[in-house]
Structures are given as structure tokens and as C-alpha cells.
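Notes follow the structure.
Along the sequence shown, the residues carry numbers beginning at 1. Hydrogens, waters and symmetry mates are skipped; everything else that's a heavy atom, side chains included, is used.
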Amino acid sequence: MRPAPLSLPAPAVGLDLGGTKTAAALVGPDGAVRARDVRPTPAAEGAEAVLDALAAAVAAVGPDARAVGVAAAGVVDPRTGTVTSATDSLPGWAGTPLGPALARRTGLPVACDNDVRAAAGPESAAAPGGRANLLYAAVGTGVGGAVAVDGRLLHGTDGLAGHLGHLPATEAAGLDCPCGATGHLEAVASGPGITALYRRLSGRTADRLQTVAARAADGEAAAVRAITTGARAAGGVLGGLANALGCDRVVVGGGVPGIGPLYRTALADAFGAALMPPLRRVRPRAPLFGADAAVLGAAALTATAPLHPPAGHPVPPLAHSSGASS
């Protein structure tokens, strides 16, 4: 399936905020990326420093922007623009008034949502008739997710819907999750989770997932087992959710699937084994928009999500602005 072109009412900056890096893109009304910026996220310095970094990224790419969309790590309520919950990857991030605070810093209206749900928006809209029953997972430093039913993305209480990394997984029994609970999928299926499992199995040090992947490629049994265990856990959870939601499209993105076919094959096998017969034609797919899924999805929020204006300023009519055809 080829993705439908992204259409915006005016040029917008899309921000993809993660725990380690922030990517920014100026996106034109035709969906083309006009400028880019990537910088480290100053997560350890607190929420104010992160907001300052976001504003600096906007300034770096967006002199022509009419609005800003933020695809942010954590649980985000787009209606209030507030981060309602977050893990330790962004200390002090919970409770941050992301939309209003960034609008004050940039002087532009800001729309925001969870990063995975933002990326899933254009993916859902690209389905025939724009009515996907979509399950979207992003497996990286954490395990995020989003769900669309009949083309409508679900938000749930405080923006919590879709956070599939915090579903129980048998393979994670007894393991601490970054959210503070135990036994959640993220504890065994995320990049850090797989790396930690490898260290427990092998007794060897490993600083990152890529080290484990390289050792698996060399045939080390503990590395192979750690990767396939995390992949099977993710595949089983996704298969169960596909059954519960009747999904006709399942997308798996993020950095972890990029480590190679060992991971992707184990996930797909576990996913297929969990499916009910009517869904057995469904297979996990890569995101249609590739590495730009999050920044494009963030930019698209400026056309679909509530806009939080700078203090004392109304939200401009973007669809009728002079920049809409530029």
C-alpha cells in the first residue's frame, strides 16, 4: 500500500520528542519536508529544559511555520495539552502543560499528542476510505501503541488508550516496568528490556541492544534467546489485541524491529499463532511513512487536534491563511 500524501492547511513544524533525542521537521501543505533538525533531549535537566529545547528546534526549522505539532513521549491529553503520566525516561515530565507552555515559547498555536498515536494518525487516514481498524506499536526505548477503530483513534481517559507496553506479558513475570508496576510487556520487549534479559542470561555486560544483536548474529545462544523472547512477548500481546479489537491492519515500528530478521520473524510467528481464524491473513507491517512517521504525524496534528494558542492570542484560521498554498 502506498501512503496517501499528507495534506496540511498551512506549513507546520512537526516535533518528535523522545527520551534521548528530539527530531523536528518543517512540513509544507503538500506533506513535503522542507527542513530538518535533530538534537539531544535534555531529559535529565527537567521539563523546563525540554520545553526550551523544543522551542529551539522550532526556531531552527520553522520561520515560515503557522503552527506546531508535538508527538511526545508519555501519556498526553490533547484536549488540555497536558502530559498526564510519564516514565523515568523523562524525569519530571508528568504534569507538564506541554501545549500551552510551548505556545508561549514559540508564539505559535500548538497541538500535541502521544508520539505513537500521532504517528498512527496518517497511517489510519491512508487506509481505504480512511476507516482503518488499526493497531500501531512502536518498540524502542519503551513500547508504545495506538488503536484506531473504524478510522477513529482512541484516546481514553487522560489520553491513556493504546499504551500496550503496559499490558501483562508472561515473559515479563516478576520484572520491574519503568511505570512502577511489574510484569508489563515493556520490561522484556523494549530495547533496554531485551538488553537486560541478555545480561541476566549470559552474565556478560552489554551497553545497548545493538551489542546484543551483533552477538546474536555471531550465534551466541543467550543473545538469540533474549531477542526472540522479547519479540515473542510482543507478538503474542499484539495478536491478542488484534483478536479483541478486530484489527485489519497491524503496524510495528520503532528502533527495535530494525535490529534484523531474527526479531521480526519471532514477533510475526508469535503474532500469527495467537490469531483467531478470521484474522490469519493479517501480518505485522512496517509503518507506511517510514522514519518520518512521527514528525509527519506531529505536523498532521495541527489539522486534526485541538490547538493551544499563545496566551492572549486566538487560534488563527489556518485553512484560510496566506501560507496554505505556499
Side-chain angles (χ1 to χ4, degrees), residues 1-18 21-39 41 53-73 78 99 102-103 105-130 132 134 136 138 140 146 148 151 153 249 251 253-255 258 285-308 315-326:
M1 180 192 299
R2 294 186 63 184
L6 191 67
S7 178
L8 300 177
V13 174
L15 294 168
D16 175 18
L17 169 65
K21 70 179 178 69
T22 296
L26 177 63
V27 182
D30 60 354
V33 174
R34 299 178 175 178
R36 298 180 187 272
D37 180 81
V38 178
R39 61 187 62 214
T41 301
L54 290 173
V58 172
V61 301
D64 299 324
R66 299 297 302 276
V68 177
V70 189
L102 189 58
R105 283 168 165 80
T106 62
L108 294 169
V110 175
C112 53
D113 206 343
N114 166 261
D115 51 358
V116 185
R117 193 156 50 226
E123 188 91 29
S124 176
L134 171 72
Y136 192 114
L153 281 164
R249 181 164 177 80
V251 174
R285 306 295 184 189
L288 289 174
F289 292 90
D292 280 337
V295 290
L296 291 175
L301 291 174
T302 62
T304 61
L307 285 166
H308 303 277
V315 175
L318 297 180
H320 304 289
S321 69
S322 60
S325 60
S326 63

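- The minimum heavy-atom distance linking L108 with A65 is given by the pair CD2-O, 3.6 Å.
- Counting only distance, with no hydrogens or angles, the side chain of S124 and the backbone of A120 share no donor-acceptor pair below 3.5 Å.
- Nearest heavy-atom pair, A294 versus A71, reported as atom, atom and distance to 0.1 Å: O-CB, 3.9 Å.
- Side-chain atoms of L17 and D115, non-hydrogen and from C-beta on, never get closer than 4.5 Å to each other.
- The minimum heavy-atom distance between A293 and P287, with the atom names listed, is CB-CB, 4.4 Å.
- For R36, the salt bridge (charged side-chain N to carboxylate O under 4.0 Å, His left out) partners are D292, not counting sequence neighbours.
- Applying the side-chain hydrogen bond (donor to acceptor under 3.5 Å, both in side chains) test to T41 and every residue at least two apart in sequence or in another chain returns T22.
- Here the side chains of V295 and V27 are not in contact, with every heavy-atom distance at 4.5 Å or above.
- Within the 4.5 Å cutoff, no side-chain heavy atoms of R105 are placed close to those of V68.
- In this structure R285 satisfies the side-chain hydrogen bond (donor to acceptor under 3.5 Å, both in side chains) test with no other residue, sequence neighbours excluded.
- Between A24 and A57, the shortest heavy-atom contact is CB-CB, 3.9 Å.
- Closest non-hydrogen pair, R39 versus A53, comes out as CD-O, 3.8 Å.
- Side-chain contact between V116 and N114 is present, with at least one heavy-atom pair separated by less than 4.5 Å.
- Nearest heavy-atom pair, D64 versus P11, reported as atom, atom and distance to 0.1 Å: O-CB, 3.8 Å.
- Distance OG1/T304 to CG/L153: 8.5 Å, rounded to 0.5 Å.
- To the nearest 0.5 angstrom, L301 atom CG is 11.0 Å from L296 atom CG.
- Screening L26, V13, V70 against V58 for a side chain to side chain contact (heavy atoms under 4.5 Å, CB included) leaves a single residue, V13.
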